Novice: 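Attaching a single structure in structure tokens format; questions to follow.
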Amino acid sequence: MEAGLTQLTTLQKLEILSDAAKYDASCASSGTTKRDSVGGKGIGSTTSSGICHSYAPDGRCISLLKVLLTNFCSYDCVFCINRSSSNVQRARFSVEEVVALTLNFYKRNYIEGLFLSSGIIRSPDYTMGELVRVAEALRLDHDFRGYIHLKLIPSASQDLIDRAALFADRVSINVELPSETSLKRFAPEKQPLDIRSAMGGLKLKIDESVAERERSKRAPVFSPAGQSTQMIVGADEASDATILQHSAHLYGAYGLRRVYYSAFSPIPDSSKQLPLSEPPLMREHRLYQADWLTRFYGFEVDEILDAAPGGMLDLAVDPKLAWALRHRGRFPVDVNRADRELLLRIPGLGTRSVDRILAMRRFRSLRLEDVGRLVRSLRVLRQFIVTADWRPGAALDGERLKALLAPKPQQLALL
């Protein structure tokens, strides 16, 4: 399996294994504890002064070294470019190579930390053990204080998963697909029970750590930035309602910090079970918006998708505006009288804007001009609110309101 690896240089391995890692969206360096190397101790930082960025050719901001330990894999997940039956060039890093790359890139201000995943080789425990060795070497041998995100292997022992959480800022276990039926169909080696057990065991460890830290600051910290997961969108027939309901369960049952949605991307030599084309990227975007509404705006999944054809989000307008258009009888809302819960349901108002409105109206009756200073735009918002000097009139009941408020098509610039 590993024949010919000695012929590859570190740079060639990096090219192969960073490209192989690009399909995993669940990496974000947020929510961790603050560590830095001020005073000459250690290497790296998770504070703002130690965050340095580079940019990909498509303009995306990259701040983590995002690689696989290896793209060899004994599993044959249909949707994965690195599946055992895939005809891709294979490579494997040693633990020492990943450690050296992380330190060298950090010292050159290319990255703020490491996102490390891997194909499954030899056994889940062996693979998980190698990932843990990387994090352990960085933390203990090199006193690295930057950000580390480790991808966990669900079938690995709980002891190894706990050790990963001890050295990493965030860990993640991909549920891959929104239903167990789809997972069994596309990834038969992955067991839903193993994924749930790993998530549940990790949640207990994190909760215990938080409780111990309240009693003693010397208690160890486990995954201070929590755990996350990823779901592939569009590889199976699951509706947006199914996806969001599964996400709501994951947030509630396992205390996840984030569910990432990744639009399915066709892969070379793909199975006939997979669709021939990818879903609209706008679908992924709408799922993130709906996810945000359930987490920070007080919406339930069922009401976001009430009366939605086939349980699918409207791609033409964002989920909050779509909900408001279906419930026009609840609008317009008087921003000088409404409580926070109702204000959060107004299209065009974010959580910060709502808090600013609540603070300002304690001292004066708000006019439309005042609200305009607190938000990015009044274009949509003005159709759903009442202020001391403004009322939308009959426009709210107009049949063409959706067309008027939907984002206008834009011509892309060539340069």
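Residue numbers count from 1 along this sequence. Quantities reported herein were computed from a predicted structural model and do not represent experimental measurements.
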Novice: To the nearest 0.5 Å, tell me how far Phe264 CZ sits from Phe186 CZ.
Specialist: 8.5 Å
Novice: If you measure from the Lys or Arg side-chain nitrogens to the Asp or Glu carboxylate oxygens, is any gap between Asp207 and Lys203 under 4.0 Å?
Specialist: yes
Novice: Taking the six-membered ring for Trp, are His149 and Tyr147 parallel (under 30°), tilted (30 to 60°) or perpendicular (over 60°)?
Specialist: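 Perpendicular: the ring planes of His149 and Tyr147 meet at over 60°.
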Novice: Taking Leu374's backbone N and O only, do any of them form a donor-acceptor pair with Ser353's side chain (distance below 3.5 Å, no angle check)?
Specialist: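 Yes: the side chain of Ser353 pairs with the backbone of Leu374.
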Novice: Determine the minimum heavy-atom distance between Thr351 and Phe296, stating which atoms define it.
Specialist: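 Heavy atoms of Thr351 and Phe296 come nearest at CG2-O, 3.9 Å.
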Novice: Show the numbers, then the answer: is there a side-chain contact (heavy atoms from CB on, under 4.5 Å) between Leu166 and Val132?
Specialist: CA-CA 9 Å; Leu166 181 62; Val132 170; over 6 Å; no
Novice: Name the residue from Arg326, Arg345, Arg330 that meets the salt bridge (Lys or Arg N to Asp or Glu O under 4.0 Å) definition with Glu303.
Specialist: Arg345
Novice: Using a 3.5 Å distance criterion without hydrogens, assess whether the side chain of Gln191 forms a donor-acceptor pair with backbone atoms of Pro188.
Specialist: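 A pair under 3.5 Å: yes.
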Novice: Using only atom types and a distance under 3.5 Å, with no angle test, would you say the side chain of Arg328 pairs donor to acceptor with the backbone of Leu325?
Specialist: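 Between the backbone of Leu325 and the side chain of Arg328 there is a qualifying donor-acceptor contact (under 3.5 Å).
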Novice: If the threshold is 4.0 Å, N to carboxylate O, is there a salt bridge linking Glu136 and Arg133?
Specialist: no
Novice: Using side-chain contact (heavy atoms from CB on, under 4.5 Å) as the criterion, point out the one residue from Asp291, Leu293, Asp240 that pairs with Ile304.
Specialist: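 Of all the options given, the one that passes is Leu293.
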Novice: Can you give me the closest heavy-atom contact between Ile161 and Ala198, atom names plus distance?
Specialist: CD1-CB, 3.8 Å
Novice: When you check the gap from the basic side-chain N to the acidic O, do Arg122 and Glu130 get nearer than 4.0 Å?
Specialist: no
Novice: Are any of the side-chain nitrogens in Asp169 or Arg139 under 4.0 Å away from the carboxylate oxygens of its partner?
Specialist: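 Here Asp169 pairs with Arg139 in a salt bridge, since their nearest N and O are under 4.0 Å apart.
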Novice: With a 4.0 Å cut-off on N to O distance, would you call Glu237 and Arg185 a salt bridge?
Specialist: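 Arg185 and Glu237: salt-bridged.
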Novice: Would you say the side-chain atoms of Tyr251 and Thr294 include a donor-acceptor pair closer than 3.5 Å?
Specialist: no
Novice: Going by distance alone, is a donor N or O of one side chain under 3.5 Å from an acceptor N or O of the other, for His285 and Gln289?
Specialist: yes
Novice: How many angstroms lie between atom CG of Leu138 and atom CZ of Phe167, to the nearest 0.5 angstrom?
Specialist: 10.5 Å
Novice: Taking the side chain from Thr102 and the backbone from Val98, do they hold a donor-acceptor pair closer than 3.5 Å?
Specialist: yes
Novice: Could you tell me whether a side-chain N or O of Arg258 sits under 3.5 Å from a main-chain N or O of Ser228, the two making a donor and an acceptor?
Specialist: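 No, Arg258 side chain to Ser228 backbone: no donor-acceptor pair under 3.5 Å.
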Novice: Looking at OG of Ser157 and CG of Asp162, how far apart are the two atoms once the value is rounded to the nearest 0.5 Å?
Specialist: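 The CG atom of Asp162 is 8.5 Å from OG of Ser157, to the nearest 0.5 Å.
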